[in-house]
Engineer: 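Dropping a structure here in structure tokens format, bear with me for questions.
Just so it is clear, the values below take in all heavy atoms, side chains as well, and ignore hydrogens, waters and symmetry mates. Positions are given from 1, in the same order as the sequence printed here.
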Amino acid sequence: MNRFLPLFPLGLVVFPGESLNLHVFEPRYRQLINECESDGITFGIPPLFEKKLANFGTEVQLLEISKRHSDGRMYIKTKGIGLFKIDNFYHTAPDKLYAGADVTDVSYTTEPDVMMNVKILEYINELYSVMKINKELPDNPAIFSTYTLAHHVGFSIHQELDFLQTTEEADRQRIMIDHLEHMIPIVKEAEEMRVKVSMNGHFKDMIPPDLPENI
């Protein structure tokens with residue numbers, strides 16, 4: 001059974017459980033956010049890439065309007081609360097400025113295989129070590145969903161969209177592990193090349209090896 005959902009298309013993927021801060025300035029979306037505040041409605045964020053709207057997205061709840069300017073612009077805090085599939089799209093919703101769609105809710109799982117999450121964290125820590133990235137990661141492999149790490153493993157935008165539409169947590173864990181196993185050797189090789197290139201032209205303090213007596 002479908003239902004109507006206002007839409008706020010963006011050129012990014014939002015995942016369930018993700019917090020997203022937005023600067024809202026267009027009149028159509030200011031109208032939408034004002035209705036979210038006054039009526040308690042939610043809205044959907046379907047990704048918009050290469051002028052093409054995905055038929056899948058994340059439903060978002062307004063948490064607060066952090067700042068409102070006199071000209072109507074506002075800064076808001078939101079959170080992803082579910083997934084949906086677009087059945088019928090309306091460029092302009094009836095009697096509104098913003099877009100909307102008839103959507104069907106999509107169920108998904110978040111219960112992890114803990115040992116697979118352990119491996120994922122090990123791989124991400126290895127990746128970050130090579131890339132010299134200092135970023136906080138979950139410390140308990142039993143309580144996080146792969147959706148919470150999807151922006152932090154080097155997925156392309158199209159990979160993120162495919163990941164969003166993978167509704168079983170076990171499948172997402174396998175995708176993330178396969179991606180990291182493929183990516184880490186590439187990053188290591190690139191880092192080794194960077195080090196070699198950076199050494200060119202510099203004096204090198206190297207110890208010559210012992211030569212054999214007979215050559």
Engineer: Establish, from distance only, whether the side-chain atoms of Glu181 and Tyr123 form a donor-acceptor pair under 3.5 Å.
Structural biologist: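 Yes, a side-chain donor-acceptor pair sits under 3.5 Å.
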Engineer: What are the two closest heavy atoms between Leu48 and Lys51, and how far apart are they?
Structural biologist: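 For Leu48 versus Lys51, the nearest heavy atoms are CD1-C, 3.9 Å.
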Engineer: Is there a donor-acceptor pair closer than 3.5 Å between any side-chain N or O of Glu168 and the backbone N or O of Tyr108?
Structural biologist: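 No; zero donor-acceptor contacts below 3.5 Å.
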Engineer: Determine the minimum heavy-atom distance between Pro47 and Leu161, stating which atoms define it.
Structural biologist: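 Closest pair (atom of Pro47, atom of Leu161, distance): CG-CD1, 3.8 Å.
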Engineer: Does Tyr98 have its ring centroid less than 6.0 Å away from the ring centroid of Tyr29?
Structural biologist: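 Not under 6.0 Å, so no.
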Engineer: If we ignore angles and hydrogens, is there a donor and acceptor under 3.5 Å between the side chains of Glu59 and Thr42?
Structural biologist: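 Note: Glu59 and Thr42 side chains meet the donor-acceptor criterion.
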Engineer: Give the minimum heavy-atom separation between Pro46 and Ala54, together with the two atoms involved.
Structural biologist: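 Closest pair (atom of Pro46, atom of Ala54, distance): CB-O, 3.8 Å.
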Engineer: Check whether any side-chain heavy atom of Phe84 lies under 4.5 Å from a side-chain heavy atom of Asn55, and answer yes or no.
Structural biologist: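 Side-chain contact under 4.5 Å: no.
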Engineer: Do you know which two heavy atoms are closest between Leu164 and Gly57, and how far apart they sit?
Structural biologist: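 Distance-wise, the nearest heavy atoms are CD2-CA, 4.3 Å.
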Engineer: Under 3.5 Å, side chain of Thr110 to main-chain N/O of Ser145, donor-acceptor pair present?
Structural biologist: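 No, the answer is negative, given that no donor and acceptor are paired below the 3.5 Å cut-off.
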Engineer: So, are Lys188 and Glu126 salt-bridged, with charged N and O less than 4.0 Å apart?
Structural biologist: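 Yes.
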Engineer: Main chain of Ile41, side chain of Asp39: is a donor-acceptor contact present, judged purely on distance under 3.5 Å?
Structural biologist: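 Side chain of Asp39 to backbone of Ile41, a donor-acceptor pair under 3.5 Å: no, none is there.
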Engineer: Distance alone, cut at 3.5 Å: any donor-acceptor contact between the side chains of Thr148 and Glu18?
Structural biologist: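 No, Glu18 and Thr148 have no side-chain donor paired with an acceptor closer than 3.5 Å.
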Engineer: Does atom NE2 of His91 have more than 12 heavy-atom neighbours from other groups under 6.0 Å away?
Structural biologist: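 Counting other residues, nucleotides and ligands, NE2 of His91 stays at 12 neighbours or fewer.
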Engineer: Given ring-ring contact (aromatic ring centres under 6.0 Å, His included), test Phe163 with Phe155 step by step and report yes or no.
Structural biologist: CA-CA 9 Å; Phe163 199 74; Phe155 282 146; 5.1 Å; yes
Engineer: Spell out, as yes or no, whether a donor-acceptor pair under 3.5 Å connects the side chain of Asn117 to the backbone of Pro112.
Structural biologist: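 Side chain of Asn117 to backbone of Pro112, a donor-acceptor pair under 3.5 Å: no, none is there.
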Engineer: Can you confirm whether Glu111 sits close enough to Glu169 that some side-chain heavy atom of one is under 4.5 Å from a side-chain heavy atom of the other?
Structural biologist: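 SC-SC contact between Glu111 and Glu169 ruled out.
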Engineer: Answer yes or no on whether Arg172 is positioned over the face of Tyr147, meaning its NZ or CZ is under 6.0 Å from the six-membered ring centre and within 45° of the axis.
Structural biologist: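 Satisfied, under 6.0 Å and within 45°.
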Engineer: Can you find a side-chain donor-acceptor pair between Glu64 and Ser66 that sits under 3.5 Å?
Structural biologist: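 Present: a donor and an acceptor within the cut-off.
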Engineer: In this structure, is the centre-to-centre distance between the rings of His152 and Tyr128 below 6.0 Å?
Structural biologist: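 Not under 6.0 Å, so no.
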Engineer: Are Leu12 and Ile157 close enough that some pair of their side-chain heavy atoms sits under 4.5 Å apart?
Structural biologist: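 Answer no - side chains too far apart.
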Engineer: Please check if atom CG in Asp178 has more than 12 non-hydrogen atoms from other residues, nucleotides or ligands closer than 6.0 Å.
Structural biologist: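 Yes - once you tally the heavy atoms of other residues, nucleotides and ligands closer than 6.0 Å, there are more than 12.
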Engineer: Report yes if some heavy atom in the side chain of Lys132 is under 4.5 Å from a heavy atom in the side chain of Glu191; otherwise report no.
Structural biologist: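 Yes, their side chains come closer than 4.5 Å.
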Engineer: Is it the case that the side chain of Ser156 and the backbone of Gln159 share a donor-acceptor pair, with hydrogens and angles ignored and the cut-off at 3.5 Å?
Structural biologist: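 Yes, the answer is positive, given that a donor and an acceptor are paired below the 3.5 Å cut-off.
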Engineer: Would you mind telling me which of Thr92, Ile86, Asn88 makes a side-chain contact (heavy atoms from CB on, under 4.5 Å) with Tyr90?
Structural biologist: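 So, applying the side-chain contact (heavy atoms from CB on, under 4.5 Å) to Tyr90 and each of Thr92, Ile86, Asn88, only Asn88 qualifies.
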Engineer: How close do Lys77 and Asn21 get, counting heavy atoms only, and between which atoms?
Structural biologist: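 Distance-wise, the nearest heavy atoms are CG-OD1, 3.3 Å.
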Engineer: Flag the pair Lys52 and Glu50 as a salt bridge only when some basic side-chain nitrogen lies within less than 4.0 angstrom of an acidic carboxylate oxygen.
Structural biologist: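 Salt bridge flag = no for Glu50 with Lys52.
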Engineer: Going by the side-chain hydrogen bond (donor to acceptor under 3.5 Å, both in side chains) test, name the single residue among Asp102, Asp105, Asp87 that passes it with Arg3.
Structural biologist: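 Passing option: Asp105.
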Engineer: Between Phe144 and Leu137, is there a side-chain heavy-atom distance shorter than 4.5 Å?
Structural biologist: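 The answer is no, as the side chains (C-beta and beyond) never meet within the 4.5 Å cut-off.
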Engineer: Between His151 and Phe15, does the ring centroid distance fall short of 6.0 Å?
Structural biologist: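 Between Phe15 and His151, which both carry aromatic rings, the centre distance is below 6.0 Å.
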Engineer: Taking the side chain from Ser129 and the backbone from Asn125, do they hold a donor-acceptor pair closer than 3.5 Å?
Structural biologist: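 Side chain of Ser129 to backbone of Asn125: no pair is present.
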Engineer: Test salt bridge (charged side-chain N to carboxylate O under 4.0 Å, His left out) on Glu35 and Arg30 and set out the steps.
Structural biologist: CA-CA 9 Å; Glu35 291 180 4; Arg30 283 159 30 193; over 6 Å; no
Engineer: For residues Lys67 and Met74, determine if any side-chain heavy atom of one lies less than 4.5 Å from a side-chain heavy atom of the other.
Structural biologist: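 No; the side chains remain at least 4.5 Å from each other.
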Engineer: Is it the case that atom CG in Asp71 sees more than 12 heavy atoms from other parts of the structure closer than 6.0 Å?
Structural biologist: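 Counting neighbours around CG of Asp71, more than 12 heavy atoms of other residues, nucleotides or ligands fall under 6.0 Å, so yes.
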Engineer: When you measure from the side chain of Thr58 to the backbone of Val14, do you find a donor-acceptor pair of N or O atoms at a distance under 3.5 Å?
Structural biologist: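 A pair under 3.5 Å: yes.
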Engineer: Any donor and acceptor pair, going by atom type alone, linking the side chain of His179 with main-chain N or O of Val153 inside 3.5 Å?
Structural biologist: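 Answer holds: yes.
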Engineer: Tell me whether the count of non-hydrogen atoms from other residues, nucleotides or ligands lying under 6.0 Å of CD in Glu26 goes above 12.
Structural biologist: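 Yes - once you tally the heavy atoms of other residues, nucleotides and ligands closer than 6.0 Å, there are more than 12.
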